[in-house]
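What follows is a set of notes on a single structure, which appears directly below.
Keep in mind that this is a model prediction, so the values were computed, not measured. Side chains are part of it too, since the values below use all heavy atoms of this structure and drop only hydrogens, waters and symmetry mates. Convention: sequence-line order gives letters A, B, ...; per-chain numbering from 1.
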Amino acid sequence: MIKVAVVSGKGGVGKTTIAVSLALALAKSGFKVGLVDADVTGSNVPDILGRVELGVSDRDTLIPAISRGVKYVSIGQIASDGKPVLWDPKDVRSAARQLLERTDWGDIDYLIFDFPPGFEAETIELLPLMDYVLIVTIPSMLSKSKVLRMVEACREYERPIIGVIMNMSYVECPSCGYRHIIFAEDHSFEEFGIPTIAELPLSHEIAVNKLVNEFPLDKFLEGINNPVILKKKRISISKLVELAFKVM
Amino acid sequence: MGYVKKIIDKLLSIQDKFYSEAAEYYKIGEGKKALLRVVGVGGDSVLLKVEGGRITYARGDETPMHIIKCSIDTFLSILSGEEDLRDAMTMGHLVIENSSTSTIDIVEMERWSSAFNRLRNIIYRIKKL
């Protein structure tokens with residue numbers, strides 16, 4: 001089972017849409033796929049895939065709901081619709097982990113995680129357990145500065161990064177097809193060697209159904225085979241010895 | 001005697017009164033056993049055993065796997081139907097904890113929500129009779 005985190009620096013960049021589309025696109029290609037709504041206090045996955053109640057097995061595990069071949073779990077299926085989840089942060093962390101560890105996933109190839117934006121309790125709990133990270137952002141400096149913190153978190157945990165999906169990159173004119181750039185700022189992550197695997201438009205039509213058919217799965221799978229791993233900075237033994245001599 | 005025990009005593013007497021009408025509900029829990037500690041405000045608590053769907057007092061030396069924590073207000077408003085169990089759990093008014101981890105147990109939450117829905121359906125049926 002390959003665990004893939006779909007993360008962002010800030011909210012409202014289309015992370016859930018991308019996570020759900022990725023899961024559905026993988027399932028459509030013949031992979032066995034699970035989806036964890038790791039945003040415990042702000043779950044959105046059931047809004048797209050359906051608010052189906054979860055079952056409980058005799059082995060004390062959750063039985064995930066299934067939509068179009070994707071098994072999925074969310075606190076949104078356990079909690080009341082329209083009520084805020086007002087849990088202690090330690091419970092939020094624990095619930096996020098239980099969604100992973102206490103769900104009867106069966107035999108699956110990919111488990112996709114829709115993370116909350118930034119560094120909520122769920123992110124701190126689950127990010128170190130991920131096999132790969134897919135970053136979703138929009139091409140603005142405000143978003144980039146927050147994503148840079150996420151990149152540093154991936155360095156800290158040495159998590160392999162698949163690439164960046166740049167959402168809301170442009171608006172396409174419906175009559176002439178001209179692409180209007182919305183943000184004119186430098187937004188690439190080339191300085192870290194992190195590739196941009198897709199630039200998606202801001203569109204009324206950019207919904208899950210459209211994105212499933214157009215998802216850049218080939219680039220995603222290429223990123224899985226060749227991820228970017230930023231190494232944590234460590235002081236070398238020779239430097240330590242050198243320092244020790246200086247102190248002495 | 002603490003207030004939690006007084007309330008539980010009353011509930012157990014209601015349970016006995018309706019046992020024959022709600023036999024179908026008890027059947028669902030056949031072969032299952034759970035220990036629960038119900039904790040009230042100020043730490044007043046009782047240990048209950050749910051066996052075969054029927055609730056009785058447990059011995060003091062038995063260790064509960066799950067602890068239900070809520071205020072007496074929440075407890076009563078859930079029983080009277082003023083507050084939904086799922087709403088109470090979502091809003092943190094009622095917490096079902098795993099006693100070994102001391103954190104929320106989402107599997108048990110889902111199980112209790114479903115069981116409560118079934119129980120509510122039975123109560124509605126009994127009311128109609």
(message) Less than 4.5 Å to any heavy atom of chain B: does that hold for the side chain of A:Thr41, its backbone, both, or neither?
(response) neither

(request) May I ask you to decide if A:Ile162's main-chain N or O and A:Tyr132's side chain share a donor-acceptor pair within less than 3.5 Å? (result) no

(message) Between A:Arg159 (side chain only) and A:Tyr157 (backbone N and O only), is there a donor and an acceptor less than 3.5 Å apart?
(response) yes

(request) May I ask you to decide if A:Thr61's main-chain N or O and A:Asp104's side chain share a donor-acceptor pair within less than 3.5 Å? (result) no

(message) Any side-chain to backbone donor/acceptor pair from A:Asp39 onto A:Asn44? Under 3.5 Å, distance only.
(response) no

(message) Please classify the contact of B:Thr101 with chain A as side chain, backbone, both or neither, using a heavy-atom distance under 4.5 Å.
(response) neither

(request) In plain terms, say whether B:Glu108 and A:Arg102 are close enough for a salt bridge, that is, a side-chain N and a carboxylate O under 4.0 Å apart. (result) no

(message) Please check: side-chain N/O of A:Ser8 versus main-chain N/O of A:Lys10, any donor-acceptor pairing under 3.5 Å?
(response) yes

(message) Can a donor-acceptor pair be found, under 3.5 Å and without considering hydrogens, that links the side chain of A:Arg155 to the backbone of A:Lys231?
(response) yes

(request) Side chain from CB out, backbone as N, CA, C, O: work out which of these in B:Met89 comes under 4.5 Å of a heavy atom of chain A, or both, or neither. (result) backbone

(request) Please list, in residue-number order, every residue in residues 65-99 of chain A that has a heavy atom less than 4.5 Å from any heavy atom of chain B; write 'none' if there are none. (result) A:Ile75, A:Gln77, A:Ile78, A:Ala79, A:Ser80, A:Lys83, A:Pro84, A:Val85, A:Leu86, A:Trp87, A:Lys90, A:Asp91, A:Ser94, A:Ala95, A:Gln98, A:Leu99

